[in-house]
Structure formats: structure tokens, C-alpha cells
Undergrad: 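Pasting a structure below so you can have a look.
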There are 2 protein chains.
Amino acid sequence: MEQTDQQPWVMVDTALFTILEERLCLLLARRQEPPFEGVPALPGGFVHVEEDMDTTMAARRVIRGKLGIDAPYLEQLFTFSGPARDPRGWSISVAYYALIPAALLSQSQAVEAVPVEALPGLPFDHPQIVAKAIERLRGKATYSSLPAFLLPGEFTMNDLHRIYQQTIGTRLDQASFRHKILEQDIIEPIPNRFRGGAHRPARLYRLTRRVLTSFERKI
Amino acid sequence: MEQTDQQPWVMVDTALFTILEERLCLLLARRQEPPFEGVPALPGGFVHVEEDMDTTMAARRVIRGKLGIDAPYLEQLFTFSGPARDPRGWSISVAYYALIPAALLSQSQAVEAVPVEALPGLPFDHPQIVAKAIERLRGKATYSSLPAFLLPGEFTMNDLHRIYQQTIGTRLDQASFRHKILEQDIIEPIPNRFRGGAHRPARLYRLTRRVLTSFERKI
DNA sequence: CTAGTTAATTGTTTATTGCAAGTAACATTT
DNA sequence: AAATGTTACTTGCAATAAACAATTAACTAG
């Protein structure tokens, strides 16, 4: 399998976000083979010819291979190409970003979570990919249900409030947030489900069917 | 140059928007070669290995080849791939969309403008590309300076108002529109420049340096 | 039964927005 | 030169939504 001048390698790279200890983190995997063997990088792999429609199938396969799970939210980000981005030669990388609830990550994983403000130097053009992924995530977070996909299936209003603030990076008024979210038909209360401590129990919510199915359609 | 199983053809396809007779139109070119020779389709072409960074260079080359001009606004849209999208075999298409002021189009062009509500059947997966391009354009139009790129360098407030309405597809209040646009530092009045008829002359505006340079950076 | 803690709501003020009417600045007509 | 028509632009007001601050609700633990 030799590379011609006219046809590049095609790969996917994935920027996987999660929230750990109240901070937005990126999941990095140490590279198993050269180039940059042993260096933490965005999980990626080659696209197979049979992976139809768009390259989402390939991204799913990569994520399943690294984490053993499916990402609740996965979206194509941008396509990078050129002769210089990979030392092996002309390549095209279709970049994806995904949101992974921390609850889905098991401990002994082949990935490590790094806060986005404290990323190590990354190989290839991965710094560009990460920058674009964060920009997109922040941009969409403000007006969409996106950050909710960083939470497990059941969550309280305050969980959601915190997650939005962490992804956007600014403080949001509590009362206004509640009101706006409930207006938008993004989440619904789960009947008779509460989470309690030594205080008033918090009502549990879930994403509405509308949000879940509208996301499915995009895949 | 034979296609291997592992490396697809890489092409760009461009969805070129313009406003003609108060309607949002798409520019289509009749295909010069098989497959689908003679059929109107999105202008496209193969990506060359030396076209670095991302595939924007290839998209520029295609647009320059068809229209003889550079698009004032050009943005990567989505990447489509798979063995079935092109009858010639496995291919990847990086789709772009661009905004072209009608004033830049000369008459005897190799393209025809078709209103987006009256598109003919398009070959390949071009209908998907167009659908996604319109969705993105509409989505961004509401909160950005994007529709202004459909106008020439100088325009009146009412020109801008009409263009926004045409791209979004709904009516916008005149007073609120003026107010909001001026708040946002998107446009600025050109000193002492007016356009008159048999009535009060309209002040001419241009995009601010801030908007123009922030777009340049994205390229 | 009181204190402590987090959840959720309620008012009050302050910007935004939507709508309607009015004023401004011309050219053209009388 | 005054009246008229036409498009540009502004103003005022009512309705809505957002930001802020404080209050009430529902529990547990001592």
C-alpha cells in the first residue's frame, strides 16, 4: 500500500470533552506507534472505505476502541489537510468533537483527562483542532442543549447550571437560567424522582425526547 | 493513477450564494465531463497535494476558475465521504459555502443563478450539501455580520435590512434592526457619502475593520 | 425543635424588543 | 416658491425578558 501523489491518507481525530472536578477536560491517549510514539495526543485512526455517508462511523469506532463506550454527543468539527500536518506525507484529517459524561468513564482507561487550561504540547496539528473544538463548544453552549450531554441521564437543575457555567466559562444568574432552560423544552422533570442530602431534595430532570431525537437525526 | 482501496479521491464542492431580484440564489455550473456531463451541479474540483493548511486554497481555486473572482466570504461547511456518493468510487468531498455580491457577477458566466426554493434535481450528494449550507447560512445570519457579505463594499441601512430578511426568510422590525446592528459595531457610516433619489438621501455604510480582519483571521 | 444546608421561588429594577406614529430630506410638480 | 410624493430615519410607548437580591421550602443532624 504505497501513497500516490494524488490520494492522501484519510484519518479521523477526536476531541473528547468531559467535566472532572468542576473543570472542562480533554481526554488524551498516549500514541501506540510512531510518529510521536508514547506522546499524549487526540485519539484517532484511519477511515475505512466501507464507512459510508459521512465519517461519523469512523469516529464512533475510534471512540469505542479507546473508551469502550458510545459518545452521547458527537459532531463533525472541521477537516484539516495538507502535506505538512503529518510527517508521513499528505493526509486529511476529519476532526470530531464529542461530549462524554464523567460517569461513563471507567477508571483503568487508556486515556487521561487534562483540564483544557493546562494542556501539554500536542503533536501534529492537534493544538489547532483543540482550539477550534473549544471555540465551537463555547459558541454552541450558550444557546443550545449541548452541555447537558456532559451529564448522566438524570441530573438536577443545579448540576445543569454548573455544567453550563463551566463550559461557557462565565457566571449565569440562577433564577434566569432555570427560567430560560424550562422555557426551551430541553429538559423535563422525572416524576417523583429527587436527590436528597441534609437539605431540601433536588428534583431530577432528563433531556426531553425532542432533544434526543433531534440529535439522532443529525447522525 | 489508479485508485487503491485505502485512499480515496479528494475533492471540494462549493455552494455559492448570491441575492438576485430580492431572492436568495445558488450558482450552478453545467458539468463539463462525465459523470453527469451537462447537468447543473455545484462547482467543484480535485484537491491538489500542495494546497496546504486546510482545503480553503482548493475552494478558492475552484471559485476563481468558475467566476473569475474571489469570494468575499468563504467558509468550510462539512466533509462528506463514502463509497457511494460518487459512481467513480470511494471519494471524500470537503464542502464549502461562499457569499457572492451580485454586483461582482459578470453576465456571460459559466454559471446560472437559481433561487433556492426552485432548485433542480442535483447529482451526487449535492442536495445534502445544499441543505446543510442553507441551514448554516440561516443559522448564522441571525446573530452575525454574515449577510453583509452579500452586498458590495458600500450599502445603505435599508439594503442591509432587506438582505438580512431575505437570507433569514422572515420580516424584521426596521427600528430594532437599525438599533441592533449599530450596537454591534459591524458597520460604520462612510463620512459624507450618501445615495439619493427623489427623496431623502440614504447614508452609505461599510463593514468595520474589525469585522473584515476577524474574517481574514479565520482563513 | 433549632440550626444548617441546599433547592426553588418571588419581587423589583433595568434593559430589549415590537409596534406605530412622527419628523427629515430630498426631487418633482404646480 | 409652495405643495406633494417618496424614502430615510427617529421617537415614544407598551410589552417582554434579564439581572439582581432577597425570601421561602424541604429536608437532616444534633
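Order of the sequence lines fixes the chain letters, A, B, ..., with proteins taken first and strands second; residue numbering starts at 1 for each chain. When reading the values below, keep in mind they use all heavy atoms of this one structure, side chains included, and skip hydrogens, waters and symmetry mates.
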Undergrad: What's the closest nucleotide to the side chain of A:Arg200 if the choices are C:dC19, C:dT6, C:dT17?
TA: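 Output: C:dT6.
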Undergrad: Testing B:Ile186, B:Leu146, B:Ile187 one by one against B:Val211 for a side chain to side chain contact (heavy atoms under 4.5 Å, CB included), which residue passes?
TA: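 Checked B:Ile186, B:Leu146, B:Ile187 against B:Val211; only one passes side chain to side chain contact (heavy atoms under 4.5 Å, CB included): B:Ile186.
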Undergrad: With sugar-phosphate meaning primed atoms plus P, OP1 and OP2, does A:Gly196 contact a base, only sugar-phosphate, or nothing at under 4.0 Å between heavy atoms?
TA: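 Nothing, no nucleic acid heavy atom in range.
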Undergrad: In this structure, how many angstroms lie between the P atom of D:dG12 and the NE2 atom of B:His179, rounded?
TA: 14 Å
Undergrad: Step through the shown structure and confirm whether more than 12 heavy atoms of other residues, nucleotides or ligands are within 6.0 Å of CZ on B:Arg195.
TA: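 Atom CZ in B:Arg195 is packed in, count exceeds 12.
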Undergrad: Whole angstrom is fine here: how far is it from CG in A:Asp159 over to C1' in C:dT6?
TA: 12 Å
Undergrad: Measure from the side-chain heavy atoms of A:Ala202 and tell me the nearest of D:dC9, C:dC26, C:dA8.
TA: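 My answer, after comparing the listed nucleotides, is C:dA8.
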Undergrad: Mind checking if A:Arg178 touches a base, just sugar-phosphate, or nothing, with heavy atoms under 4.0 Å?
TA: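 The answer is base, as A:Arg178 lies within the cut-off (heavy atoms under 4.0 Å) of a base atom.
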Undergrad: Indicate, with yes or no, if the rings of A:Phe80 and A:Phe124 have centres closer together than 6.0 Å.
TA: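 When the ring centroids of A:Phe80 and A:Phe124 are compared, they turn out to be at least 6.0 Å apart.
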Undergrad: Does a side-chain heavy-atom distance below 4.5 Å link B:Ile134 with B:Phe17?
TA: yes
Undergrad: Just how far, in rounded Å, is C1' of D:dA8 from CZ of B:Phe177?
TA: 15 Å
Undergrad: Looking only at the side chain of A:Lys180 (C-beta and beyond, no hydrogens), which of the listed nucleotides C:dT9, D:dC9, D:dA18 gets closest?
TA: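 Output: D:dA18.
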Undergrad: What's the spacing between B:Arg138 CZ and B:Thr167 OG1 if we round to 0.5 Å?
TA: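 Reported value, rounded in 0.5 Å steps: 7.5 Å.
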Undergrad: If I take atom CD in residue B:Gln184 and atom P in nucleotide C:dT16, what distance separates them, rounded to the nearest angstrom?
TA: 12 Å
Undergrad: Assign each of B:Thr156 and A:Pro201 to its nearest nucleotide of DNA chain D by heavy atoms, then name whichever residue's nucleotide is nearer the 5' end.
TA: B:Thr156
Undergrad: Please confirm whether the shortest side-chain N or O distance from A:Arg171 to OP1 or OP2 of D:dC20 is below 4.0 Å.
TA: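 Yes, within the criterion.
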Undergrad: Measure CD1/B:Ile181 against C1'/C:dT17 and give the value in whole Å, please.
TA: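 Whole-Å distance recorded here is 15 Å.
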Undergrad: Rounding to an integer number of Å, can you tell me how far A:Met157 CE sits from C:dT6 P?
TA: 18 Å
Undergrad: Please give, in whole Å, the distance from C:dT6 P to A:Arg195 CZ?
TA: 14 Å
Undergrad: Taking only the side-chain heavy atoms of B:Gln174 (C-beta and beyond), determine which of D:dC9, D:dC20, D:dC27 contains the nearest atom.
TA: D:dC9
Undergrad: Using heavy atoms to find the nearest nucleotide of DNA chain D for A:Asp173 and A:Ala198 separately, return the residue whose nucleotide is more 5′.
TA: A:Asp173
Undergrad: Could you check how far OH of A:Tyr205 sits from P of C:dA7, rounded to whole Å?
TA: 12 Å
Undergrad: If you assign each of B:His199 and B:Ser176 to its closest nucleotide in DNA chain C, which residue comes earlier from the 5' end?
TA: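 The answer here is B:Ser176.
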